[in-house]
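Below is one structure, written out as structure tokens, with a few remarks after it.
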Number of protein chains: 2
Amino acid sequence: MVASRGTGEGEWFTIRWNSDRVELLDQRELPNEERYLSLTEVEEVAEAIEELAIRGAPAIGCAAAMGVALGAWRSDARDLDAMVGELESRVIPRLERTRPTAINLFWALDRMRGTLAKLAQAPGASTESLRAGLLAEAETILEDDKAICREIGQAGIDLIPDGAQVLTHCNAGALATGGYGTALGVVRAAVEAGRSIRVLADETRPLLQGARLTAWELSRDDIPVEVCTDNMAGYLMQQGEVDLVVVGADRIAANGDVANKIGTYGLAVLANAHSIPFYVAAPLSTIDLKIADGSAIPIEIRGRDEIARIGGRTLLPEQVGVRQPAFDVTPAALVTALVTEKGLVQPPSQQAIAALFRPDS
Amino acid sequence: MVASRGTGEGEWFTIRWNSDRVELLDQRELPNEERYLSLTEVEEVAEAIEELAIRGAPAIGCAAAMGVALGAWRSDARDLDAMVGELESRVIPRLERTRPTAINLFWALDRMRGTLAKLAQAPGASTESLRAGLLAEAETILEDDKAICREIGQAGIDLIPDGAQVLTHCNAGALATGGYGTALGVVRAAVEAGRSIRVLADETRPLLQGARLTAWELSRDDIPVEVCTDNMAGYLMQQGEVDLVVVGADRIAANGDVANKIGTYGLAVLANAHSIPFYVAAPLSTIDLKIADGSAIPIEIRGRDEIARIGGRTLLPEQVGVRQPAFDVTPAALVTALVTEKGLVQPPSQQAIAALFRPDS
């Protein structure tokens, strides 16, 4: 793994394939440093996901797909069967074990698994055709994700009136996707349509994705943004300073219950109490039809140090324990609308969500 | 100002008078270091309040009273009138300018001003009798505060059943008072009565009074405590892991609206949505009968760096602004009961609060 530095100006990217490797912006270092990691091993991709160098449900899916392609490129397998075996028994399972909550990870790996099977059965299949085909599929997933984010943006554009103050939580932006963003995609689409918008970014403890990432990418794109601590949302709503809330999602159940970054549920309750619309922007790949409702969504529990330390600084007494759920579940009843690449689902319901997946829809 | 270190074991104190100076535990350094400041100048006391070396509404009142006594002890005034003039025109106004929200500051300074007037008019009054009398009054305020906290604890004891999981926000403990605490005084009283209790402490961004102070003082006293980020409260309530919420207050309006640390209002909304009791524990000195409702309580806005930096670490991009209200106001309707040294006010109302101040009550 080699790292290179960005300039702090001009173009930047979340993740891409370059020649024979995966390059990604190390989100752990933002906003202090724009450092790109250059990953040549599947294990490095897996660790980048586990350690949150890349995060955000759609971006995790893109990274996992690239990881499968990288597995093929790096494989020493001398024949097709050996390569298929290695990818199916080692590479894909390793990537599946990285994080449990975001469904896009499993969606992307399932898609790569399907592509692998198809490529292996094609006439004239070879290790070379596997490499090329898996890379093409990973790049398609990434490009599709960017295009879908723009469609989500267009679908949500009229939810954001001119002059709106928009509260968001965590980072559901370009950094959380192939590019452009889901929740922040809706913001970007409204800004591109000429609307004047202010974003309030919850800092999003413990890992500060709002303060570090949302504030960084919006200010890089000259979209007005201010940061508040998570516990200020109620006050700001009470003062009439929030017109709507828009967040992303890590997994959406068949009934519309939404797993997203810890704190999302609290925000939804507060928005409801203040009659403020609460929107969830996500691609269809975030919807898990196999899960009937949110109670069955696995919630990742992360380590104590993420709360107990920042940098080298200890924030609580050594002997004191923490609670550390990384996600929570917002019941569909608190979600005003889902914003997807196939349009709004308003209000979310099992029936309306199922309709998104009908071939003719 | 000199500093000395505690041992990390055994007795500790929040603030005290020692010989000719004010000593206080520097709360900015907790939990990493138990450092006591030894203050010999009024300006040092004022800065200790402004910079949160000491904080918490009742403790601020005690510190301000000690500051007035210190003003008399350090005064070079050669006669009574000069000393009275110095205290009234310089010392008390300086201390009044330290922080705007906690009413206990003004309550304590008004009380010291009244004592000063009485002492100055007493037969045989001298600069020496002023020094002795003001110190005695400051020490009475401190001792009364500790006694009142124990009364608050007794008043609230039956709100906390055996086995309860108690969520609290910020620090309304021994560190926020002369000793024992208000919200944590209720917890301590229940523990002393033999009840098994778990405390969940919101870390309380930006200054982490929950993680740094509540966790420190409870673990020092062997009361089980875990820390969660502020945005986890909704999740924990949803999971049935919170039986009640108890917090302190910085100012309570005549109708029962409560100003307290930012995030308290959001917690109250969440508690209400989950039918979880929400208690506010505070002495009568926190009640401001001159303010009809919470809308007139001044809310302190603090500096960007408290959100933007921890230690030397920068948490958000340089050019991004923050919102930084230090307090919010919880409407009386969301407060299940006030817990005072005169018993419970349940539910809070203008009438019930006024009754606390009747001479015969």
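Naming convention: chains lettered A, B, ... in sequence-line order (proteins, then strands); numbering from 1 in each chain.
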| field | Partner of A/Thr229 by side chain to side chain contact (heavy atoms under 4.5 Å, CB included), out of B/Ile307, B/Asn231, B/Asp230 | value | B/Ile307
| request: Measure B/Ala273 against the heavy atoms of chain A and call it side chain, backbone, both or neither at under 4.5 Å. | output: side chain
| field | Per-residue contact mode, B/Leu218 against chain A (heavy atom under 4.5 angstrom) | value | neither
| query | Hey, what do you get for CD (B/Glu318) to CG (A/Asn32), rounding to the nearest 0.5 Å? | reply | 8.0 Å
| remark: Looking only at heavy atoms, the pair that brings A/Val322 and B/Glu226 closest together is O-OE2, 4.0 Å
| Should we count CZ of A/Arg309 as having more than 12 external heavy atoms under 6.0 Å? | yes
| query | Among B/Gln238, B/Gln239, B/Gln319, which has the most heavy-atom pairs under 4.5 Å with chain A? | reply | B/Gln238
| remark: Separation between CZ (B/Arg205) and CD (A/Glu203), nearest 0.5 Å, reads 4.0 Å
| query | In terms of heavy-atom proximity below 4.5 Å to chain A, should B/Tyr265 be classed as side chain, backbone, both, or neither? | reply | side chain
| Which heavy atom of A/Leu316 sits nearest a heavy atom of B/Ala211, and at what distance? | CB-O, 3.4 Å
| For chain A, the option from B/Pro206, B/Cys228, B/Gly321 that forms the most heavy-atom pairs under 4.5 Å | B/Gly321
| request: Please state whether the side chain, the backbone, both or neither of A/Glu241 comes within less than 4.5 Å of a heavy atom of chain B. | output: side chain
| field | Contact check, side chains of A/Arg220 and B/Pro317, non-hydrogen atoms, under 4.5 Å | value | no
| field | Greatest number of heavy atom pairs closer than 4.5 Å to chain B - which of A/Asp328, A/Leu208, A/Thr314 | value | A/Thr314
| What residue in B/Ile262, B/Val269, B/Leu236 has the most heavy-atom pairs under 4.5 Å with chain A? | B/Ile262
| request: For the pair B/Val227 and A/Leu315, evaluate side-chain contact (heavy atoms from CB on, under 4.5 Å) and give the outcome as yes or no after the intermediate values. | output: CA-CA 10 Å; B/Val227 170; A/Leu315 306 183; over 6 Å; no
| query | Given a strict heavy-atom distance threshold of 4.5 Å, which part of B/Arg212 is in contact with chain A: side chain, backbone, both, or neither? | reply | both
| Does the pair B/Met232 and A/Gln324 meet the rule for a side-chain contact (heavy atoms from CB on, under 4.5 Å), with working shown? | CA-CA 8 Å; B/Met232 288 175 193; A/Gln324 174 53 313; 3.4 Å; yes
